[in-house]
Amino acid sequence: MALRRAVLSHVRLPLQTLTLNGSKQLLWTLRFMSSHDDHINKEEVIERVLSVVKSFPKVDPAQVTPEVHFQKDLGLDSLDNVEIVMALEEEFKLEIPDKEADKIDSCHLAVEYISNHPMAS
């Protein structure tokens with residue numbers, strides 16, 4: 001029952017009137033809608049992740065690239081890494097579980113995680 005309710009909450013059946021040969025007919029159109037239709041593309045994710053990392057106080061913006069590693073390339077420590085992930089959560093309005101957040105140690109991994117997350121906006 002819960003699965004049925006979840007599926008039906010994303011399906012809309014709007015009625016439209018269609019006139020054929022002078023008589024009006026009701027036309028059912030099936031349109032799938034998601035509660036989150038505005039998923040962002042990867043290019044936008046890259047741009048926004050780089051912007052967040054560049055705005056971090058301890059980072060030289062000139063060193064930030066899509067492949068940069070937070071600790072090896074930017075000299076950040078693990079606390080800085082946590083702060084960047086928190087800033088990314090805020091930027092993309094999502095919550096990254098601790099297990100996953102611990103794995104995000106580069107712009108590349110942040111972009112991959114966020115672009116694959118269904119609720120990122």
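Values below: all heavy atoms of this structure, side chains included; hydrogens, waters and symmetry mates excluded.
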**OP:** Taking ring-ring contact (aromatic ring centres under 6.0 Å, His included) as the test, write out the residues that go with F56, two or more places apart.
**Re:** none

Donor-acceptor pairs are to be reported for all side-chain atoms of residues 84-104 against protein atoms at under 3.5 Å, with residues two or more places apart or in another chain.
residue: E89; atom: OE2; partner: I96; partner atom: N; Å: 2.7
residue: E91; atom: OE2; partner: R48; partner atom: NE; Å: 2.8
residue: E91; atom: OE2; partner: R48; partner atom: NH2; Å: 3.3

Subject >> Selection residues 101-121 - residue pairs positive for ring pair (Phe, Tyr, Trp, His ring centres under 6.0 Å), sequence neighbours left out >> reply: Y113-H117

Please tabulate, for the side chains in residues 60-74, all donor-acceptor contacts under 3.5 angstrom to protein atoms that are two or more places apart in sequence or on a different chain.
residue: D60; atom: OD1; partner: A62; partner atom: N; Å: 3.2
residue: T65; atom: OG1; partner: E67; partner atom: N; Å: 3.4
residue: T65; atom: OG1; partner: V68; partner atom: N; Å: 3.3
residue: H69; atom: ND1; partner: Q71; partner atom: N; Å: 3.2
residue: H69; atom: ND1; partner: K72; partner atom: N; Å: 3.0
residue: H69; atom: NE2; partner: D105; partner atom: OD2; Å: 3.1
residue: D73; atom: OD2; partner: H69; partner atom: N; Å: 2.8

Original post:
How far apart are the C-alpha atoms of L76 and N81, what are their side-chain angles, what is the distance that settles it, and do they pass the side-chain contact (heavy atoms from CB on, under 4.5 Å) test?
Top reply: CA-CA 7 Å; L76 302 176; N81 197 51; 5.9 Å; no

Original post:
Excluding sequence neighbours, so at least two apart, what forms side chain to side chain donor-acceptor pair (under 3.5 Å) with K58?
Top reply: D80

**OP:** Rounded to the nearest 0.5 Å, what's the gap from CD on E112 to SG on C107? Could you check?
**Re:** 12.0 Å

Original post:
So, the side chain of S51 versus the backbone of E47: is there a donor-acceptor pair under 3.5 Å, distance only?
Top reply: no

Original post:
From I46 CD1 over to N41 CG, what is the distance, rounded to the nearest 0.5 angstrom?
Top reply: 9.0 Å

